[in-house]
Amino acid sequence: INSPKPEPEPVEAKGDRTLQACAAQFKANILAMGKKPASVAAYSRAIDDLALQYPDKSIDSIDRQDMIGHVSFLRMKIKKRNGDTQHTFRNRLRNLTVFFNSFGAKNPLSMRELKKPMKSRPTRYSIETINLMLGAANEQEKDLIHFFLNTGFRDEEVAFSKYSDIDFAKGSINVHG
């Protein structure tokens, strides 16, 4: 006589997997890992917007249609700001992908599905503008302006540069930042 097999007990999910709870845990984790304040703020914006839009959903129940709706929500919200909105959408989606991955879930909307932004060339200063800046600058400011112009460094790279990074013999400089 074959006795019926006992039904397996349901496997309980690990803790509360609502978007709200996962968002709070993720933000606590990235703070504990010592992420830069700007990174924490970027992740928080992306995650908070998603949790605000879907307050009753779990991280596991977010589907592709929810994410498409979220991108539409972002388009309405972010249009009001200045700047490159295409990069903003992709950055938010990238941050959400990291968020989903940290909980063993997959972002249902891949980066490939969002339009890639056009790369724009940076605005060049005219010789007249450069001469105006140099004319109004003191010696330290002139050195800084020349350093920016001659190295092509970004703000953060200039901020972390030290005199010891320059190798005058080789005509090179180490980049940090």
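FYI, the numbering just counts along the sequence from 1.
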Legend entry - ring pair (Phe, Tyr, Trp, His ring centres under 6.0 Å) partners for F148, two or more places apart: none
Membership question, hydrophobic clusters at under 4.5 Å side-chain separation (ILVMFWY): are [Y] and [X] in the same one?
X    : Y    : result
F103 : L31  : yes
L149 : V175 : no
Y125 : L134 : yes
I127 : M133 : no

Nearest 0.5 Å please: distance from the [atom1] atom of [X] over to the [atom2] atom of [Y].
X    : Y    : atom1 : atom2 : value
Q25  : I59  : CD    : CD1   : 9.5 Å
I68  : D63  : CD1   : CG    : 9.0 Å
R124 : I130 : CZ    : CD1   : 8.5 Å
K162 : I173 : NZ    : CD1   : 11.0 Å
F147 : S161 : CZ    : OG    : 4.0 Å
S110 : L93  : OG    : CG    : 8.0 Å

Legend entry - Partners meeting side chain to side chain donor-acceptor pair (under 3.5 Å) with N174 (sequence neighbours left out): none
Inset, instruction - Go through the structure and list residues passing side chain to side chain donor-acceptor pair (under 3.5 Å) with Q53, not counting sequence neighbours. - result: H70
Inset, instruction - Find out whether T18 and K57 are in side-chain contact, i.e. whether some heavy atom of one side chain is under 4.5 Å from a heavy atom of the other. - result: no
Legend entry - Residue pair I62 / F100, side-chain heavy-atom distance below 4.5 Å: yes
To check you understand the geometry: which heavy-atom pair defines the closest contact between [X] and [Y], and what is its length?
X    : Y   : answer
S102 : F26 : OG-CD1, 3.3 Å
V40  : I30 : CA-CD1, 3.9 Å
S61  : D66 : O-OD2, 3.6 Å

Inset, instruction - Any pair with a residue in residues 129-152 that passes side chain to side chain donor-acceptor pair (under 3.5 Å), sequence neighbours left out, goes on the list, sorted by first then second residue, please. - result: S126-T129
Inset, instruction - Tell me yes or no: between the side chains of N91 and R94, is some donor less than 3.5 Å from an acceptor? - result: yes
Inset, instruction - Give a yes or no on whether the ring-centroid distance for F99 and Y43 is below 6.0 angstrom. - result: no
Legend entry - Listed partners of D48 passing side-chain contact (heavy atoms from CB on, under 4.5 Å), at least two apart: K27, S44
Inset, instruction - Show your working on side-chain contact (heavy atoms from CB on, under 4.5 Å) between I47 and N95 and close with a plain yes or no. - result: CA-CA 8 Å; I47 296 162; N95 291 343; over 6 Å; no
Legend entry - Members besides L132 in its Ile/Leu/Val/Met/Phe/Trp/Tyr cluster (side-chain heavy atoms under 4.5 Å): none
